[in-house]
Amino acid sequence: MNKHRLGLHHWLCFSYLSRTTKRPFTAWHLPAEAISCAVPTSSPVNNHKTLCFSLAEQLILRGLFGSAQKVIQRIIKQSSSVSEAISAVEFSISRGVEPDATSYGFLIRQLVASGETQMAEDIYVYCILKRGIEPKDKSLLNSMAICYCNLGKLEEAKLLFDKLLDMKLRPCSSTCNALIKGFCGQHRILDGFDVFVVAVDAGVLLSFGCYNRLVDGFCCRGSLDEALYVFDVMCERGVSPNVHLFKTLVLSLCKRGRVEEAELLSMDMESYGFVLDKVMYTTLINAYSKNKKMKMAMRVFLRMLKLGCEPDKYTYNTLMHGFFSLGMLDKGWVLHQQMAEFGLEPDAVSYQIMIGKYCKDHKVDCALMLLNNMIQCNVAPSVHSYTALIAALYKENRLAEVDVLYNKMLDNGLVPDHVLFFTLVNNHPRGSEITLACTFLRAIAKNGCGIDLSNIPSPSSRKVTTDIMSDIDHLLGEIVARNLPLANVAFNIYMIALCLGGKLDSALLCMDKMASLSLQPSLSAYNSMIKCLYQNGLLEDAKSFVEVMQDQGQVPNQATFLIMVNEYCKQGDIQSAFEVLDQMEESGLKPSVLIYDSIIGCLGRQKRIDEALEVFLRMLEARIYPDETMFVTMINALSINGRAIQAHELFDKMLEDGVQPSHYAYTALIHGLVKKNMIEKGCVYLDRMIEEGFMPNTVLYTSLIKQFLRKREFEFAFKLVDLMERSEIERDLVTYITLVSGVSRNIRSLHGKWLVPQKQYEKSKEMLFRLLHQSAMFSREKCLKISISSQEQIKFLALRLINKVKNTPLMPNLYLYNGIISGFCWAEKMQDAYKHLDIMQSEGVQPNQVTFTILIDGHFRSGEIDLAVNLFNRMNAQGCSPDKIVYNTLIRGLCKHGRLIDALSISYTMLKKGFAPSKASYENLLTSLCANNWSVHALKICEDMLAHKYVPCGHNLKLLICMLDEENKSHEARLMNDLLLNKRRFMMYTS
């Protein structure tokens with residue numbers, strides 16, 4: 001035997017014996033005499049072992065090592081203690097006989113059973129694996145899997161577990177329990193669930209602790225379907241659940257809005273002999289209240305009373321909040337009185353609910369009076385009451401009162417939280433997030449920790465953000481030293497501020513610092529981080545962060561998913577938004593109206609109106625009822641896409657459902673009706689809107705002006721502009737963009753085509769103007785008379801409007817500048833157009849594809865072909881990638897000026913870039929090629945058109961046929977003639 005291996009075996013064995021029996025570590029050999037002397041002869045068992053040792057000794061002396069190994073194996077297997085098994089191994093090694101793998105397996109199992117996991121691993125590695133022995137014994141593999149689990153080496157344990165499965169061997173119960181316990185302990189709940197599924201399929205019995213850990217883990221992640229599956233398996237296998245398990249599931253189901261399932265489970269809990277406590281009843285009531293199912297909430301409340309469980313203040317507050325939220329004030333006050341009859345005085349939460357209701361109903365003064373009454377009744381207001389009041393004051397633009405109320409809150413010693421921070425930061429200028437966070441942290445330090453702030457400068461005295469961040473680090477250190485729970489609040493506020501300010505790297509460092517202090521980011525902080533990641537274009541990181549959040553026990557809520565959906569919809573990635581919606585529904589979390597609103601709004605902007613209607617119906621089928629904002633989004637989408645009749649029907653449905661329309665809903669509907677020339681119908685709703693007290697505003701006027709400019713009704717559009725000005729309705733940036741772009745793009749045109757009789761149309765316009773005029777707050781005056789009868793007058797009007805806009809103090813805006821540049825280009829004043837391009841860039845607004853397209857088109861109309869081509873090249877050089885419209889503009893211009901080779905080159909380049917020329921561009925090319933008798937190229941263009949499901953127009957086909965006949969290309973001419981004759985059939989087939 002190798003001396004090194006012999007020494008190693010001795011170390012493994014005797015390191016154990018030296019710890020357990022305190023024998024001298026120098027005793028390396030155990031003579032046969034010592035063995036016989038060590039075993040008392042009076043015991044029959046010991047006499048048997050002595051005989052076995054003697055037999056092994058004799059076999060070794062005779063050279064029968066294999067037989068000796070079997071005897072020693074039997075001794076180890078029958079050893080009643082680890083020390084006896086070690087003695088047998090020592091005896092074997094001292095005689096120069098290596099124990100076999102089976103003997104080591106017996107020893108390892110005894111070591112694992114006795115808790116000597118480290119020595120078991122050493123023997124397994126050095127005496128089995130490094131000897132090249134492939135372990136195949138089921139007991140050994142199970143023991144080593146347990147051993148690795150106890151050592152925290154779960155990957156090694158999982159490998160042995162998989163090895164058992166590959167060998168078609170059944171893992172033992174202890175192995176499965178140890179793996180599940182280990183994975184759950186490391187928050188690797190999905191890995192633990194994989195082991196669970198294997199164990200269930202194999203019929204392995206699991207301990208109650210395994211079921212409990214899995215249910216807890218899945219509930220923390222919000223994976224309730226998996227948690228319920230584990231629970232059902234547990235019950236089917238006869239393992240009785242305890243109160244904790246029921247309570248965890250019921251509370252988690254309520255938290256995810258699955259209250260009906262939660263109530264059924266609570267009834268199952270009673271069937272097991274357990275009694276629901278006050279917390280569980282109140283949680284069920286709260287969940288039903290949030291779902292606006294107050295009848296169900298009251299049924300649970302009455303059941304609670306019937307079974308003798310006395311409600312507390314929180315129970316009553318929950319019911320009152322539910323009734324107040326639905327506007328059922330009378331029932332809310334009845335509960336308030338009943339609460340007093342039971343001797344339960346209203347607390348801060350009770351007042352907070354009533355203050356919140358007053359604020360929601362825009363009765364801020366009543367809410368302020370209630371706050372004062374609350375203080376007089378010696379009930380200390382909570383920070384939540386102040387938050388509701390401050391938010392309501394902001395909505396009414398009572399900013400001075402906000403500062404007074406906020407300072408009053410701080411003077412009363414209250415500590416601000418992250419909800420109040422969100423309220424304030426959303427009403428502060430962008431870029432002030434860090435300064436405001438410093439102010440909040442100072443309040444936490446002073447009111448919550450009693451820290452003297454005289455040595456820390458106020459943020460208003462700092463001019464550099466880095467100095468403020470340095471002060472924040474100092475404040476955080478002081479707060480951590482005094483109050484760790486408040487430090488958690490402070491860190492979360494700071495992390496939210498960093499995310500809102502776009503300081504992603506600093507926010508990640510802040511999160512790492514929290515982890516080092518064992519502090520947990522709040523759900524709001526996680527959501528802010530996810531939003532920041534999306535806004536920085538780190539989509540995959542944002543998705544991964546959601547998983548990290550779940551592993552930390554934070555379950556994504558509707559706000560999390562709303563952030564994800566909103567960001568995808570902003571990018572126009574509707575497919576990813578749908579995936580998030582499906583993910584929500586799979587997790588059992590009901591999507592909010594806001595999520596559906598975001599998706600429908602995106603589909604409407606993409607003109608995918610049929611899909612928007614499908615999503616709307618899907619929302620209704622899920623029993624999610626639209627609010628006024630949702631109705632407006634849907635009506636607006638229908639109106640923009642020319643579905644005025646459906647928009648009108650949906651508006652009436654909104655009224656039937658008792659949803660009070662706002663001026664936004666009226667504006668969206670009137671806009672759609674006017675767009676489809678249903679002006680008379682639009683006047684009916686305008687009249688109703690005015691009767692309900694909604695005066696025509698900037699949005700309504702702008703939408704009407706836009707529609708009449710599109711219809712080339714310049715005179716009427718400017719009558720509306722004049723009426724808007726005399727009504728003292730302020731024109732905003734959108735109004736000016738609408739005016740400039742609307743007039744500029746119509747400089748060449750005077751008259752539109754109407755689908756209704758002109759006389760009736762004029763009457764409808766007059767009715768619309770009269771209604772708007774009557775609603776104006778001025779005496780009737782003679783309205784502006786505008787007469788536009790020539791192209792020169794439109795050109796003059798456009799330039800005058802542009803000059804007026806230039807002198808109006810507006811924020812630099814790309815759309816506005818594009819409109820101005822377009823006006824100069826249409827008026828063939830290219831020098832002025834470039835002058836405004838320079839002004840635009842000097843103000844930090846960079847040109848986009850639309851800007852270049854306008855200028856290129858302007859050069860073509862001015863006959864400056866080379867300048868147009870040079871500008872296209874300049875566009876590429878500036879890193880602004882040409883889009884489909886730019887290419888089509890070039891093709892049209894080059895064809896118009898006879899540059900056919902260049903036009904063909906552009907069309908081929910376009911195809912290489914993945915764009916297909918538009919049908920109009922193909923027709924321009926075909927017309928020019930036929931005019932120049934380029935038959936080969938013309939046929940190629942025809943083939944390309946057909947490949948893109950475009951059929952050339954009859955005029956071009958006839959020109960091409962004539963050209964081919966003249967060139968004696970009869971076969972090609974016949975094909976084109978067949979195409980001309982079967983054009984309609986081909987179009988039906990390709991569509």
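What's counted below: heavy atoms across the whole structure, side chains too, no hydrogens, waters or symmetry copies.
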Determine whether a donor-acceptor pair (N or O, by modelled atom type, separation under 3.5 Å) exists between the side chain of [X] and the backbone of [Y].
{"X": "Asn848", "Y": "Val850", "value": "yes"}
{"X": "Ser598", "Y": "Leu594", "value": "no"}
{"X": "Asn492", "Y": "Ser524", "value": "no"}

Give a yes or no on whether [X] atom [atom1] has more than 12 heavy-atom contacts from other residues, nucleotides or ligands under 6.0 Å away.
{"X": "Lys255", "atom1": "NZ", "result": "no"}
{"X": "Lys290", "atom1": "NZ", "result": "no"}
{"X": "Lys675", "atom1": "NZ", "result": "yes"}
{"X": "Ile885", "atom1": "CD1", "result": "no"}
{"X": "Tyr664", "atom1": "OH", "result": "no"}
{"X": "Ile645", "atom1": "CD1", "result": "no"}

Are a donor atom and an acceptor atom from the side chains of [X] and [Y] found within less than 3.5 Å of each other?
{"X": "His671", "Y": "Asn636", "answer": "no"}
{"X": "Thr282", "Y": "Thr318", "answer": "no"}
{"X": "Glu263", "Y": "Tyr288", "answer": "yes"}
{"X": "Thr560", "Y": "Asn557", "answer": "yes"}

Could you give me the CA-CA distance, side-chain angles and deciding distance for Met269 and Met280, then say whether side-chain contact (heavy atoms from CB on, under 4.5 Å) is met?
CA-CA 11 Å; Met269 176 178 169; Met280 295 183 74; 3.5 Å; yes
Side-chain ion pair, [X] and [Y], N-O less than 4.0 Å:
{"X": "Asp582", "Y": "Arg618", "answer": "yes"}
{"X": "Lys543", "Y": "Glu567", "answer": "no"}
{"X": "Arg258", "Y": "Glu261", "answer": "yes"}
{"X": "Lys158", "Y": "Asp194", "answer": "no"}
{"X": "Glu270", "Y": "Arg303", "answer": "yes"}

Restricting to pairs with a member in residues 545-574, which pass ring-ring contact (aromatic ring centres under 6.0 Å, His included), not counting sequence neighbours?
Tyr526-Phe545, Tyr534-Tyr568
Can you tell me which residue pairs pass the ring-ring contact (aromatic ring centres under 6.0 Å, His included) test with a partner in residues 633-656, sequence neighbours excluded?
His648-Tyr685, Phe651-Tyr666, Phe651-Tyr685
Flag the pair Phe616 / Phe631 as yes when at least one side-chain heavy-atom distance between them is below 4.5 Å, and no otherwise.
yes
Tell me if the centroids of the rings in Phe246 and Phe231 come within less than 6.0 Å of each other.
yes
Closest contact, heavy atoms only, Thr629 versus Asp597
O-OD1, 3.5 Å
For Leu214 and Gly192, which heavy atoms make the closest approach, and how far apart are they?
CD2-C, 4.0 Å
Look at the rings of Phe422 and His418 and say which category their plane angle falls in: under 30° parallel, 30 to 60° tilted, over 60° perpendicular.
perpendicular
For side-chain contact (heavy atoms from CB on, under 4.5 Å), just list the numbers for Asp417 and His384, CA-CA rounded to whole Å, side-chain angles, deciding distance to a tenth of an Å, and then say yes or no.
CA-CA 9 Å; Asp417 63 3; His384 305 295; 3.6 Å; yes
